Amino acid sequence: MQKVRIRYAPSPTGIPHVGNIRTALFNFLFARNNGGEFILRIEDTDQKRSTEEHIKDIEESLNLLNIKWDKSYLQSERLGIYKKHLEILKKKGVVYKDSGAWFFKIPKISREISWDDVVHKNVKFPTKVIEDFVIIKSDGFPTYHFASVVDDHEMQISHVIRGDEWISSTPKHLLIYQSFKWQPPYFCHLPSILGADGKKLSKREGAKSVQQYISEGYLPEALTNFLALLGWSPIGDREMFTLGDLVKEFSLERINKNSPIFNVEKLNWFNKKYLQKIDVKKFATQIKTFSKYAKNLNDQKFSKIINLVKDRMTTLADFDKYASIFFKKGDQSSPPKEKIEVAKKAVSVIKNWNEKSITENLDKFIDDNKLEAGDFKNTLRLSVFADNTPPIYESLAVLSKSEVESRIDHAFKESKN
Ligand code: GLU
(Lines give C-alpha, C1' and ligand atoms only; values in the text may rest on other atoms or scores of the structure.)
Protein backbone atom coordinates (compact mmCIF):
# COMPACT_ATOMS: atom_id res chain seq x y z
CA MET A 1 0.00 0.00 0.00
CA GLN A 2 1.20 3.46 -0.88
CA LYS A 3 2.17 5.55 2.11
CA VAL A 4 -0.42 8.17 3.00
CA ARG A 5 1.10 11.54 2.27
CA ILE A 6 -1.15 14.57 2.42
CA ARG A 7 -0.72 18.22 1.67
CA TYR A 8 -2.50 21.42 2.57
CA ALA A 9 -1.67 23.83 -0.22
CA PRO A 10 -2.82 27.38 0.52
CA SER A 11 -1.99 30.39 -1.63
CA PRO A 12 -0.68 33.19 0.61
CA THR A 13 -2.82 35.83 -1.05
CA GLY A 14 -5.01 36.63 1.95
CA ILE A 15 -5.62 35.73 5.58
CA PRO A 16 -7.12 32.24 5.58
CA HIS A 17 -10.62 32.15 7.02
CA VAL A 18 -11.94 29.26 9.07
CA GLY A 19 -13.42 27.63 5.97
CA ASN A 20 -9.91 27.32 4.51
CA ILE A 21 -8.64 26.07 7.81
CA ARG A 22 -11.31 23.37 7.81
CA THR A 23 -9.62 22.04 4.66
CA ALA A 24 -6.29 22.05 6.51
CA LEU A 25 -7.89 20.28 9.46
CA PHE A 26 -9.44 17.51 7.32
CA ASN A 27 -6.09 16.97 5.59
CA PHE A 28 -4.29 16.84 8.90
CA LEU A 29 -6.81 14.47 10.49
CA PHE A 30 -6.69 12.10 7.57
CA ALA A 31 -2.89 12.08 7.53
CA ARG A 32 -2.63 11.42 11.26
CA ASN A 33 -5.42 8.87 11.28
CA ASN A 34 -3.40 6.86 8.78
CA GLY A 35 -0.01 7.40 10.40
CA GLY A 36 0.89 9.36 7.28
CA GLU A 37 2.80 12.52 6.57
CA PHE A 38 1.24 16.00 6.56
CA ILE A 39 2.86 18.59 4.32
CA LEU A 40 2.28 22.33 4.26
CA ARG A 41 2.86 23.55 0.75
CA ILE A 42 2.72 27.29 0.26
CA GLU A 43 1.56 27.95 -3.29
CA ASP A 44 3.05 31.37 -3.86
CA THR A 45 3.15 31.27 -7.64
CA ASP A 46 1.08 34.42 -7.92
CA GLN A 47 3.98 36.74 -7.20
CA LYS A 48 1.90 39.89 -7.23
CA ARG A 49 -0.60 38.78 -4.63
CA SER A 50 1.51 36.50 -2.40
CA THR A 51 3.02 38.04 0.72
CA GLU A 52 5.33 37.00 3.57
CA GLU A 53 2.75 38.29 5.98
CA HIS A 54 0.07 35.96 4.65
CA ILE A 55 2.43 33.02 4.95
CA LYS A 56 2.78 33.93 8.63
CA ASP A 57 -1.01 34.22 8.94
CA ILE A 58 -1.43 30.72 7.53
CA GLU A 59 1.20 29.26 9.85
CA GLU A 60 -0.21 31.06 12.84
CA SER A 61 -3.77 29.88 12.11
CA LEU A 62 -2.58 26.28 11.98
CA ASN A 63 -0.44 26.64 15.09
CA LEU A 64 -3.31 28.15 17.06
CA LEU A 65 -5.34 25.01 16.39
CA ASN A 66 -2.42 22.69 17.00
CA ILE A 67 -2.39 21.49 13.41
CA LYS A 68 1.27 20.52 13.10
CA TRP A 69 2.89 19.82 9.76
CA ASP A 70 5.84 17.53 9.19
CA LYS A 71 7.42 19.40 6.29
CA SER A 72 6.84 22.63 4.46
CA TYR A 73 7.62 23.78 0.94
CA LEU A 74 7.52 27.08 -0.84
CA GLN A 75 6.75 26.80 -4.54
CA SER A 76 8.74 29.92 -5.42
CA GLU A 77 11.85 28.01 -4.32
CA ARG A 78 11.11 25.19 -6.74
CA LEU A 79 11.10 27.00 -10.08
CA GLY A 80 13.89 24.75 -11.41
CA ILE A 81 11.70 21.69 -10.86
CA TYR A 82 8.84 23.16 -12.89
CA LYS A 83 11.22 24.24 -15.69
CA LYS A 84 12.64 20.73 -15.86
CA HIS A 85 9.13 19.35 -16.23
CA LEU A 86 8.26 21.91 -18.87
CA GLU A 87 11.22 20.57 -20.89
CA ILE A 88 9.78 17.06 -20.68
CA LEU A 89 6.42 18.27 -21.99
CA LYS A 90 8.14 20.23 -24.75
CA LYS A 91 9.81 17.03 -25.93
CA LYS A 92 6.47 15.28 -25.90
CA GLY A 93 5.06 18.06 -28.07
CA VAL A 94 2.07 18.74 -25.82
CA VAL A 95 2.90 22.40 -25.11
CA TYR A 96 3.42 25.53 -27.19
CA LYS A 97 4.57 29.07 -26.59
CA ASP A 98 2.38 32.10 -27.11
CA SER A 99 2.97 35.72 -25.98
CA GLY A 100 5.83 34.61 -23.73
CA ALA A 101 3.78 31.96 -21.90
CA TRP A 102 3.76 28.18 -22.26
CA PHE A 103 0.38 26.62 -22.98
CA PHE A 104 -0.79 23.07 -22.48
CA LYS A 105 -2.55 21.72 -25.57
CA ILE A 106 -5.93 20.08 -25.11
CA PRO A 107 -6.23 17.04 -27.40
CA LYS A 108 -8.21 17.89 -30.58
CA ILE A 109 -10.33 14.80 -30.48
CA SER A 110 -12.77 15.19 -27.64
CA ARG A 111 -12.99 12.49 -25.02
CA GLU A 112 -14.21 12.14 -21.51
CA ILE A 113 -12.04 12.74 -18.47
CA SER A 114 -13.39 11.04 -15.38
CA TRP A 115 -12.30 10.11 -11.92
CA ASP A 116 -13.67 8.40 -8.89
CA ASP A 117 -13.89 11.21 -6.39
CA VAL A 118 -13.89 10.13 -2.75
CA VAL A 119 -16.84 12.40 -2.01
CA HIS A 120 -18.59 12.96 -5.34
CA LYS A 121 -18.00 9.45 -6.73
CA ASN A 122 -17.88 9.29 -10.51
CA VAL A 123 -17.15 12.74 -11.98
CA LYS A 124 -16.92 13.30 -15.75
CA PHE A 125 -15.93 16.19 -17.98
CA PRO A 126 -15.68 16.11 -21.79
CA THR A 127 -12.37 17.60 -22.93
CA LYS A 128 -14.26 19.82 -25.37
CA VAL A 129 -15.26 22.09 -22.49
CA ILE A 130 -11.60 22.68 -21.63
CA GLU A 131 -9.44 25.19 -23.45
CA ASP A 132 -5.67 25.22 -23.84
CA PHE A 133 -4.28 26.69 -20.63
CA VAL A 134 -1.10 28.35 -19.43
CA ILE A 135 1.31 26.23 -17.41
CA ILE A 136 4.29 28.58 -17.26
CA LYS A 137 3.58 32.31 -17.26
CA SER A 138 5.66 34.93 -19.02
CA ASP A 139 7.27 35.86 -15.67
CA GLY A 140 8.71 32.34 -15.59
CA PHE A 141 6.46 31.24 -12.75
CA PRO A 142 4.28 28.17 -13.14
CA THR A 143 0.51 28.48 -12.88
CA TYR A 144 -1.37 26.78 -10.05
CA HIS A 145 -2.41 23.89 -12.30
CA PHE A 146 1.10 22.97 -13.34
CA ALA A 147 2.91 23.55 -10.06
CA SER A 148 0.29 21.69 -8.14
CA VAL A 149 0.40 18.59 -10.38
CA VAL A 150 4.19 18.50 -10.55
CA ASP A 151 4.43 18.88 -6.79
CA ASP A 152 1.72 16.39 -5.96
CA HIS A 153 3.65 13.90 -8.04
CA GLU A 154 7.13 14.84 -6.81
CA MET A 155 5.99 14.84 -3.19
CA GLN A 156 4.22 11.52 -3.69
CA ILE A 157 0.92 12.86 -2.44
CA SER A 158 -1.51 9.99 -2.02
CA HIS A 159 -4.76 11.95 -1.57
CA VAL A 160 -5.61 15.47 -2.66
CA ILE A 161 -8.20 16.82 -0.25
CA ARG A 162 -9.39 20.30 -1.20
CA GLY A 163 -12.42 22.52 -1.54
CA ASP A 164 -14.82 21.65 -4.32
CA GLU A 165 -14.21 24.95 -6.10
CA TRP A 166 -11.29 23.03 -7.60
CA ILE A 167 -13.42 20.30 -9.10
CA SER A 168 -13.47 21.90 -12.53
CA SER A 169 -9.66 22.20 -12.47
CA THR A 170 -9.23 18.50 -11.88
CA PRO A 171 -9.70 17.45 -15.56
CA LYS A 172 -6.85 19.79 -16.51
CA HIS A 173 -4.73 18.22 -13.82
CA LEU A 174 -5.61 14.73 -15.02
CA LEU A 175 -4.58 15.64 -18.56
CA ILE A 176 -1.19 16.75 -17.25
CA TYR A 177 -0.84 13.48 -15.32
CA GLN A 178 -1.67 11.58 -18.49
CA SER A 179 0.87 13.38 -20.58
CA PHE A 180 3.62 12.54 -18.08
CA LYS A 181 2.20 8.99 -17.76
CA TRP A 182 1.95 9.48 -14.02
CA GLN A 183 -0.48 7.81 -11.67
CA PRO A 184 -2.78 10.52 -10.23
CA PRO A 185 -3.55 10.64 -6.49
CA TYR A 186 -7.04 10.09 -5.09
CA PHE A 187 -9.15 13.22 -5.21
CA CYS A 188 -11.48 14.25 -2.44
CA HIS A 189 -13.38 17.48 -3.02
CA LEU A 190 -14.95 18.92 0.09
CA PRO A 191 -18.41 20.51 -0.26
CA SER A 192 -18.14 24.22 0.39
CA ILE A 193 -19.38 25.70 3.60
CA LEU A 194 -22.43 27.92 3.26
CA GLY A 195 -23.55 30.80 5.46
CA ALA A 196 -26.83 30.66 7.39
CA ASP A 197 -28.35 32.53 4.42
CA GLY A 198 -27.57 29.53 2.20
CA LYS A 199 -25.04 31.54 0.19
CA LYS A 200 -21.27 31.28 -0.05
CA LEU A 201 -19.74 31.87 3.38
CA SER A 202 -19.20 35.61 3.79
CA LYS A 203 -17.43 37.65 6.47
CA ARG A 204 -20.75 38.56 8.02
CA GLU A 205 -21.80 34.91 8.23
CA GLY A 206 -18.61 33.73 9.92
CA ALA A 207 -15.82 33.66 7.33
CA LYS A 208 -13.34 35.19 9.74
CA SER A 209 -9.82 34.09 10.49
CA VAL A 210 -8.85 31.78 13.34
CA GLN A 211 -6.97 34.73 14.86
CA GLN A 212 -10.13 36.82 14.77
CA TYR A 213 -12.18 34.16 16.57
CA ILE A 214 -9.49 33.70 19.20
CA SER A 215 -9.35 37.45 19.76
CA GLU A 216 -13.12 37.44 20.24
CA GLY A 217 -12.69 34.94 23.06
CA TYR A 218 -13.31 31.60 21.36
CA LEU A 219 -11.24 28.64 22.50
CA PRO A 220 -9.11 26.77 19.97
CA GLU A 221 -10.60 23.47 21.14
CA ALA A 222 -14.12 24.71 20.42
CA LEU A 223 -13.20 26.00 16.99
CA THR A 224 -11.50 22.75 16.07
CA ASN A 225 -14.44 20.66 17.24
CA PHE A 226 -16.88 22.91 15.41
CA LEU A 227 -14.88 22.94 12.16
CA ALA A 228 -14.44 19.17 12.18
CA LEU A 229 -18.20 18.71 12.15
CA LEU A 230 -18.65 21.03 9.18
CA GLY A 231 -19.08 18.38 6.56
CA TRP A 232 -17.86 15.32 8.41
CA SER A 233 -20.10 13.18 10.59
CA PRO A 234 -18.80 10.85 13.22
CA ILE A 235 -20.39 7.49 13.90
CA GLY A 236 -23.22 7.85 16.46
CA ASP A 237 -24.45 11.12 17.86
CA ARG A 238 -21.47 12.17 19.91
CA GLU A 239 -20.52 15.81 19.36
CA MET A 240 -17.62 16.61 21.68
CA PHE A 241 -14.23 15.69 20.22
CA THR A 242 -10.74 16.79 21.16
CA LEU A 243 -8.19 16.99 18.40
CA GLY A 244 -6.86 13.63 19.55
CA ASP A 245 -10.32 12.06 19.39
CA LEU A 246 -10.81 13.47 15.91
CA VAL A 247 -7.55 11.93 14.74
CA LYS A 248 -8.82 8.55 15.93
CA GLU A 249 -12.30 8.85 14.46
CA PHE A 250 -11.77 10.69 11.21
CA SER A 251 -12.43 9.02 7.88
CA LEU A 252 -13.00 10.31 4.36
CA GLU A 253 -15.97 7.97 3.90
CA ARG A 254 -17.98 9.98 6.39
CA ILE A 255 -17.59 13.28 4.60
CA ASN A 256 -21.04 14.45 3.51
CA LYS A 257 -21.90 15.28 -0.06
CA ASN A 258 -24.10 18.18 0.97
CA SER A 259 -22.77 21.58 1.87
CA PRO A 260 -22.59 22.16 5.60
CA ILE A 261 -24.06 25.37 7.04
CA PHE A 262 -21.88 27.56 9.20
CA ASN A 263 -23.99 28.03 12.27
CA VAL A 264 -22.52 30.50 14.75
CA GLU A 265 -24.99 29.36 17.40
CA LYS A 266 -23.43 25.93 17.23
CA LEU A 267 -19.95 27.40 17.58
CA ASN A 268 -21.18 29.32 20.62
CA TRP A 269 -22.61 26.12 22.04
CA PHE A 270 -19.24 24.38 21.66
CA ASN A 271 -17.44 27.33 23.17
CA LYS A 272 -19.70 27.28 26.22
CA LYS A 273 -19.08 23.55 26.64
CA TYR A 274 -15.32 23.98 26.49
CA LEU A 275 -15.39 27.00 28.79
CA GLN A 276 -17.15 24.88 31.39
CA LYS A 277 -14.39 22.29 31.20
CA ILE A 278 -11.40 24.59 31.15
CA ASP A 279 -9.24 24.53 34.27
CA VAL A 280 -9.37 27.67 36.35
CA LYS A 281 -5.63 28.41 36.14
CA LYS A 282 -5.63 28.34 32.38
CA PHE A 283 -8.82 30.31 32.38
CA ALA A 284 -7.36 32.99 34.61
CA THR A 285 -4.40 33.60 32.33
CA GLN A 286 -6.59 33.82 29.26
CA ILE A 287 -9.32 35.96 30.85
CA LYS A 288 -6.83 38.56 31.96
CA THR A 289 -6.25 39.61 28.38
CA PHE A 290 -9.97 40.27 27.94
CA SER A 291 -10.91 41.81 31.24
CA LYS A 292 -10.45 45.23 32.71
CA TYR A 293 -11.44 43.97 36.16
CA ALA A 294 -9.40 40.80 36.38
CA LYS A 295 -5.93 42.31 36.15
CA ASN A 296 -5.54 43.36 39.80
CA LEU A 297 -7.47 40.57 41.47
CA ASN A 298 -5.87 38.11 43.84
CA ASP A 299 -6.08 34.47 42.79
CA GLN A 300 -8.54 33.44 45.42
CA LYS A 301 -11.13 36.09 44.70
CA PHE A 302 -10.61 35.64 41.00
CA SER A 303 -11.22 31.91 41.06
CA LYS A 304 -14.36 32.41 43.17
CA ILE A 305 -15.73 34.85 40.61
CA ILE A 306 -14.76 32.67 37.69
CA ASN A 307 -16.58 29.73 39.18
CA LEU A 308 -19.69 31.84 39.61
CA VAL A 309 -19.83 33.34 36.15
CA LYS A 310 -18.22 30.67 33.99
CA ASP A 311 -21.45 28.89 33.13
CA ARG A 312 -23.05 32.07 31.90
CA MET A 313 -20.26 33.03 29.52
CA THR A 314 -20.25 32.21 25.82
CA THR A 315 -16.79 33.56 25.06
CA LEU A 316 -13.86 34.61 27.21
CA ALA A 317 -14.74 38.18 26.34
CA ASP A 318 -18.00 37.84 28.32
CA PHE A 319 -16.23 37.74 31.67
CA ASP A 320 -16.58 41.43 32.44
CA LYS A 321 -20.22 41.45 31.42
CA TYR A 322 -21.11 38.91 34.11
CA ALA A 323 -18.41 39.73 36.64
CA SER A 324 -18.87 43.50 36.68
CA ILE A 325 -21.42 43.28 39.53
CA PHE A 326 -18.61 42.21 41.85
CA PHE A 327 -16.76 45.43 41.13
CA LYS A 328 -19.57 47.92 40.93
CA LYS A 329 -23.26 47.75 41.61
CA GLY A 330 -25.58 47.49 38.64
CA ASP A 331 -27.71 50.55 37.95
CA GLN A 332 -31.15 49.04 38.57
CA SER A 333 -33.47 51.08 40.77
CA SER A 334 -33.43 50.12 44.42
CA PRO A 335 -36.19 48.14 46.20
CA PRO A 336 -38.47 49.83 48.74
CA LYS A 337 -36.77 51.25 51.82
CA GLU A 338 -38.51 49.00 54.38
CA LYS A 339 -37.38 45.88 52.54
CA ILE A 340 -33.82 47.16 52.39
CA GLU A 341 -33.88 47.74 56.10
CA VAL A 342 -34.82 44.12 56.69
CA ALA A 343 -31.97 42.96 54.45
CA LYS A 344 -29.54 45.24 56.23
CA LYS A 345 -30.54 43.83 59.59
CA ALA A 346 -30.17 40.26 58.34
CA VAL A 347 -26.65 40.94 57.10
CA SER A 348 -25.53 42.85 60.15
CA VAL A 349 -25.85 39.84 62.48
CA ILE A 350 -23.61 37.57 60.39
CA LYS A 351 -20.35 37.08 62.25
CA ASN A 352 -18.24 34.84 60.05
CA TRP A 353 -18.32 36.18 56.56
CA ASN A 354 -18.11 33.09 54.39
CA GLU A 355 -20.51 31.26 52.15
CA LYS A 356 -21.49 28.62 54.67
CA SER A 357 -22.18 31.00 57.48
CA ILE A 358 -23.93 33.51 55.20
CA THR A 359 -26.23 30.74 54.00
CA GLU A 360 -27.00 29.46 57.49
CA ASN A 361 -27.59 32.88 58.95
CA LEU A 362 -29.75 34.22 56.17
CA ASP A 363 -31.83 31.06 55.89
CA LYS A 364 -32.40 31.17 59.62
CA PHE A 365 -33.31 34.84 59.41
CA ILE A 366 -35.89 34.03 56.72
CA ASP A 367 -37.38 31.27 58.90
CA ASP A 368 -37.36 33.24 62.12
CA ASN A 369 -39.03 36.21 60.53
CA LYS A 370 -41.36 34.17 58.33
CA LEU A 371 -40.18 35.99 55.23
CA GLU A 372 -40.89 35.03 51.68
CA ALA A 373 -37.47 33.64 50.65
CA GLY A 374 -37.62 34.66 46.98
CA ASP A 375 -38.63 38.19 47.77
CA PHE A 376 -35.99 38.58 50.50
CA LYS A 377 -33.22 37.28 48.24
CA ASN A 378 -34.39 39.53 45.48
CA THR A 379 -34.11 42.55 47.73
CA LEU A 380 -30.56 41.56 48.61
CA ARG A 381 -29.75 40.93 44.98
CA LEU A 382 -31.04 44.30 43.84
CA SER A 383 -29.52 46.23 46.71
CA VAL A 384 -26.07 44.72 46.40
CA PHE A 385 -25.74 43.67 42.78
CA ALA A 386 -28.29 43.82 39.99
CA ASP A 387 -31.46 42.04 38.96
CA ASN A 388 -29.65 39.01 37.63
CA THR A 389 -26.81 37.34 39.48
CA PRO A 390 -25.31 33.95 40.11
CA PRO A 391 -26.68 32.31 43.33
CA ILE A 392 -27.00 35.20 45.78
CA TYR A 393 -25.36 33.70 48.88
CA GLU A 394 -22.29 32.61 46.97
CA SER A 395 -22.16 35.98 45.29
CA LEU A 396 -22.33 37.83 48.60
CA ALA A 397 -19.41 35.76 49.87
CA VAL A 398 -17.21 37.13 47.08
CA LEU A 399 -17.50 40.63 48.54
CA SER A 400 -16.40 41.64 52.03
CA LYS A 401 -19.08 42.21 54.64
CA SER A 402 -18.29 45.92 54.77
CA GLU A 403 -18.62 46.21 50.99
CA VAL A 404 -22.01 44.48 51.13
CA GLU A 405 -23.15 46.78 53.92
CA SER A 406 -22.03 49.90 52.19
CA ARG A 407 -23.80 48.84 48.99
CA ILE A 408 -26.97 48.22 51.00
CA ASP A 409 -26.68 51.67 52.59
CA HIS A 410 -26.22 53.20 49.23
CA ALA A 411 -29.28 51.39 47.87
CA PHE A 412 -31.26 52.69 50.84
CA LYS A 413 -30.31 56.25 50.00
CA GLU A 414 -31.18 55.78 46.35
CA SER A 415 -34.54 54.17 47.09
CA LYS A 416 -37.47 56.37 46.16
CA ASN A 417 -40.08 54.71 48.37
N1 GLU B 1 -3.44 26.91 -3.86
C2 GLU B 1 -4.77 26.37 -3.94
C3 GLU B 1 -5.65 27.08 -2.93
O4 GLU B 1 -5.35 28.15 -2.55
C5 GLU B 1 -4.70 24.89 -3.66
C6 GLU B 1 -5.78 24.06 -4.22
C7 GLU B 1 -5.42 22.61 -4.06
O8 GLU B 1 -5.43 22.15 -2.90
O9 GLU B 1 -5.05 21.98 -5.03
O10 GLU B 1 -6.64 26.64 -2.46
Side-chain angles (χ1 to χ4, degrees), residues 217 265 268-269 271-273 275-276 278 280 283-284 287 290-294 296-298 300-417:
E265 295 303 316
N268 288 342
W269 181 84
N271 213 55
K272 261 175 133 25
K273 291 273 177 199
L275 278 181
Q276 283 159 20
I278 200 174
V280 172
F283 207 89
I287 290 271
F290 289 93
S291 165
K292 69 171 190 239
Y293 298 119
N296 307 316
L297 278 181
N298 70 38
Q300 208 197 357
K301 186 160 178 179
F302 191 24
S303 67
K304 269 194 197 158
I305 297 180
I306 285 182
N307 284 325
L308 284 175
V309 301
K310 198 160 98 159
D311 290 354
R312 313 181 140 216
M313 293 165 57
T314 301
T315 70
L316 289 165
D318 287 338
F319 179 77
D320 279 6
K321 182 160 102 199
Y322 297 111
S324 67
I325 52 163
F326 296 107
F327 304 95
K328 59 173 180 34
K329 194 184 150 311
D331 51 12
Q332 276 79 18
S333 57
S334 301
K337 277 194 160 63
E338 84 246 20
K339 289 194 181 181
I340 303 181
E341 267 184 323
V342 176
K344 184 178 159 127
K345 191 162 155 230
V347 166
S348 71
V349 298
I350 304 173
K351 288 211 182 61
N352 295 321
W353 192 256
N354 58 50
E355 190 193 322
K356 185 162 172 278
S357 135
I358 291 173
T359 307
E360 283 166 6
N361 276 280
L362 294 181
D363 278 346
K364 184 164 180 303
F365 188 90
I366 292 171
D367 279 351
D368 290 353
N369 295 283
K370 303 203 171 38
L371 298 174
E372 210 278 292
D375 187 54
F376 172 75
K377 289 182 184 178
N378 204 35
T379 301
L380 266 174
R381 182 174 284 125
L382 281 168
S383 314
V384 181
F385 297 111
D387 58 0
N388 186 4
T389 66
I392 183 68
Y393 295 163
E394 289 169 56
S395 301
L396 288 172
V398 171
L399 303 182
S400 65
K401 183 176 173 183
S402 62
E403 170 73 13
V404 168
E405 289 185 315
S406 98
R407 287 191 185 195
I408 293 178
D409 285 344
H410 185 73
F412 188 83
K413 273 186 221 129
E414 297 274 292
S415 175
K416 303 267 181 301
N417 42 43

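Fair warning: this is a prediction, and the values are worked out from it, not measured in the lab.
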Engineer: Is any side-chain heavy atom of L362 less than 4.5 Å from a side-chain heavy atom of K377?
Structural biologist: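 Not in contact.
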Engineer: Can you name the closest pair of heavy atoms from K301 and V398 and give their distance?
Structural biologist: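 Looks like CE-O, 3.6 Å.
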Engineer: Do R312 and N388 touch side chain to side chain, with heavy atoms closer than 4.5 Å?
Structural biologist: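 Side-chain contact under 4.5 Å: yes.
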Engineer: As an exercise, state the distance from CZ of F319 to CD1 of I305, rounded to the nearest 0.5 Å.
Structural biologist: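 Atom-to-atom, F319:CZ and I305:CD1 are 5.5 Å apart.
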Engineer: Mind listing the closest non-hydrogen atom pair of N307 and V280 along with its distance?
Structural biologist: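 N307 and V280 have their closest heavy atoms at OD1-CG2, 3.7 Å.
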Engineer: I'd like to know whether K364 forms a side-chain contact (heavy atoms from CB on, under 4.5 Å) with V349, so could you lay out the CA-CA distance, the side-chain angles of the two residues, the decisive distance to 0.1 Å, and finally the verdict.
Structural biologist: CA-CA 11 Å; K364 184 164 180 303; V349 298; over 6 Å; no
Engineer: Contact between R381 and D387 at the side-chain level, heavy atoms closer than 4.5 Å - yes or no?
Structural biologist: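 When only atoms from C-beta onward are counted, D387 and R381 do not touch, as no gap falls below 4.5 Å.
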Engineer: Can you find a pair of side-chain heavy atoms, one from L308 and one from S395, that are under 4.5 Å apart?
Structural biologist: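 They are in side-chain contact.
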Engineer: With a 4.5 Å limit on heavy-atom distance, are the side chains of N369 and V342 in contact?
Structural biologist: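 The answer is no; the side chains never approach within 4.5 Å.
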Engineer: Tell me which one of T379, L382, I340, I408 satisfies side-chain contact (heavy atoms from CB on, under 4.5 Å) with S334.
Structural biologist: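 Among the candidates, only I340 passes.
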Engineer: Atom NZ of K337 and atom CZ of F412: how far apart are they, to the nearest 0.5 Å?
Structural biologist: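 The distance works out to 5.0 Å.
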Engineer: Rounded to the nearest 0.5 Å, how far apart are CZ of F376 and CG of D363?
Structural biologist: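 The CZ atom of F376 sits 9.0 Å away from the CG atom of D363.
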Engineer: Just checking, any donor-acceptor pair under 3.5 angstrom between side chains of T314 and N271?
Structural biologist: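 Judged by distance alone, the side chains do not pair up.
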Engineer: Between R407 and E403 (salt bridge meaning N to carboxylate O under 4.0 Å), is one present in this structure?
Structural biologist: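 Counted as a salt bridge, because a side-chain N and a carboxylate O are separated by less than 4.0 Å.
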Engineer: Could you tell me if the side chain of P390 sits less than 4.5 Å from the side chain of D311, heavy atoms only?
Structural biologist: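 No, too far: nothing below the 4.5 Å cut-off.
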Engineer: In plain terms, say whether E341 and K345 are close enough for a salt bridge, that is, a side-chain N and a carboxylate O under 4.0 Å apart.
Structural biologist: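 A salt bridge is absent here (no side-chain N lies under 4.0 Å from a carboxylate O).
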Engineer: Roughly how far apart are L275 CG and K272 NZ, rounded to 0.5 Å?
Structural biologist: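 Between atom CG of L275 and atom NZ of K272 there are 8.0 Å.
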Engineer: When the ring planes of F385 and F326 are compared, do they come out parallel, tilted or perpendicular, using 30° and 60° as the limits?
Structural biologist: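 Ring orientation, 0 to 90° scale: perpendicular.
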Engineer: Is the backbone of S348 close enough, under 3.5 Å, to the side chain of K401 for a donor and an acceptor to pair up by distance?
Structural biologist: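 Yes: the side chain of K401 pairs with the backbone of S348.
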Engineer: As an exercise, state the distance from OG of S291 to CG of D318, rounded to the nearest 0.5 Å.
Structural biologist: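 These two atoms lie 11.5 Å from each other.
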Engineer: Is there a donor-acceptor pair closer than 3.5 Å between any side-chain N or O of N354 and the backbone N or O of K356?
Structural biologist: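 Yes, N354 side chain to K356 backbone: donor-acceptor pair under 3.5 Å.
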Engineer: In this structure, which one of K304, E394, E360 forms a side-chain contact (heavy atoms from CB on, under 4.5 Å) with E355?
Structural biologist: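 That would be E394.
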Engineer: Give a yes or no on this: more than 12 heavy atoms of other residues, nucleotides or ligands lie within 6.0 Å of atom CD of Q300.
Structural biologist: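 No, CD of Q300 has 12 or fewer neighbouring heavy atoms, counting only those of other groups under 6.0 Å.
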Engineer: To the nearest 0.5 Å, what is the distance between CG (L380) and OH (Y393)?
Structural biologist: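 Going from CG on L380 over to OH on Y393, the span is 7.5 Å.
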Engineer: Determine yes or no for a side-chain-to-main-chain donor-acceptor pair under 3.5 angstrom, with N378 supplying the side chain and G374 the backbone.
Structural biologist: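 Not a single qualifying donor-acceptor pair exists.
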